[in-house]
Structures are given as C-alpha cells and as structure tokens.
Amino acid sequence: MVFRQLLDATTLHSLHASAAALLHVGRRESFPDDARACGTMLYRTLLPEALRSELRLLRAPLVVASSITGLPWELVHDGDEFWGLRYALGTRLLLDRP
C-alpha cells in the first residue's frame, strides 16, 4: 500500500524540533509522558487516517518509506505503544523525481 501525507515546511520543522528537544534534554521524571505526547503528535501528523487501523492490526516488520529524514520513527506512538516497541522497524528513503 502507498499513502501520501503532504506536510508543509513549517510543520516538518516543528516535528523535527519537538523530537530533538525531547531527546536532547537531560534526565527528568516527565520523560515518559513527554515522549508519549511527542510520539502521539508525530502519529497524528504523519499518518494518514486511512492507514491507521491497518497498522494497528499489523504484527509483522514495518518499513516506513518516506522522504522525511531525521525523525525518530521509533518514537511514533499510536495511542497504545511506541512503534519502536511494537514493530521490527526499518526505514527507506523515497525521493520524488521529475
């Protein structure tokens, strides 16, 4: 299956900044809650609605094919679990070419 979720530059920059801030701040008690909140934001922003129910049922390795680099896909949280714990997760870089 192939789905496209278009993001503007401002949104993409915000996602990168949120993930970087989470992962580069020192040790703190609120980290689990902060990680879930950031992962949920990634999930809601990056995943098309039509794909969400299919992915929740998947219990196999998952390869995320995307043109987005530098985001920790393992941090994506679907409301139940982080993708880094749910899936054997891989990524593949996609580039649009004319």
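Basis for what follows: all heavy atoms, side chains included, without hydrogens, waters or symmetry-related copies. Predicted model, so just to flag it, every value in this text is computed and none were measured.
Residues Leu7 and Leu46 form a side-chain contact, since some pair of their non-hydrogen atoms from C-beta on lies under 4.5 Å apart. Side-chain contact between Val63 and Thr91 is absent, with no heavy atoms from C-beta onward closer than 4.5 Å. Residues Val64 and Arg92 form no side-chain contact, since every pair of their non-hydrogen atoms from C-beta on lies 4.5 Å or further apart. Inter-residue side-chain proximity for Ser66 and Leu94 is flagged as unmet; no heavy-atom pair is nearer than 4.5 Å. Side-chain contact between His16 and Leu71 is present, with heavy atoms from C-beta onward closer than 4.5 Å. The side-chain heavy atoms of Leu55 and Tyr87, taken from C-beta on, include a pair separated by under 4.5 Å. Considering only heavy atoms from C-beta on, Leu75 comes within 4.5 Å of Leu22 through its side chain.
Considering all non-hydrogen atoms of both residues, Asp80 and Arg56 come closest at OD2-NH1, 2.7 Å. Pairing each heavy atom of Trp73 with each of Ile68, the nearest pair is NE1-O, 4.3 Å. Taking every heavy atom of both residues into account, Arg28 and Asp34 meet most closely at NE-OD2, 3.1 Å.
No donor-acceptor contact under 3.5 angstrom links the side chains of Ser30 and Asp33, judged on distance only.
Under a 3.5 Å cut-off, the side chain of Gln5 and the backbone N or O of Thr45 do form a donor-acceptor pair. At least one donor-acceptor pair closer than 3.5 Å links the side chain of His24 to the backbone N or O of Ala20.
Rounded to the nearest 0.5 angstrom, Leu23 CG and Phe31 CZ are separated by 6.0 Å.
The aromatic rings of His77 and Phe82 stand perpendicular to each other, their planes meeting at an angle above 60°, with 30° marking the opposite boundary.
No more than 12 heavy atoms of other residues, nucleotides or ligands sit less than 6.0 Å from atom CZ of Arg44.
A chain of hydrophobic side-chain contacts below 4.5 Å, direct or via other Ile, Leu, Val, Met, Phe, Trp or Tyr residues, connects Met41 to Leu51. Each of Val25 and Leu15 belongs to its own hydrophobic cluster when Ile, Leu, Val, Met, Phe, Trp and Tyr are linked at side-chain heavy-atom distances under 4.5 angstrom. Cluster membership check: Leu42 does not share its hydrophobic cluster with Leu93, using side-chain heavy-atom separations under 4.5 Å among Ile, Leu, Val, Met, Phe, Trp and Tyr.
Electrostatic pairing of Arg52 and Asp78 does not count as a salt bridge here, judged by no charged N lying under 4.0 Å from a carboxylate O.
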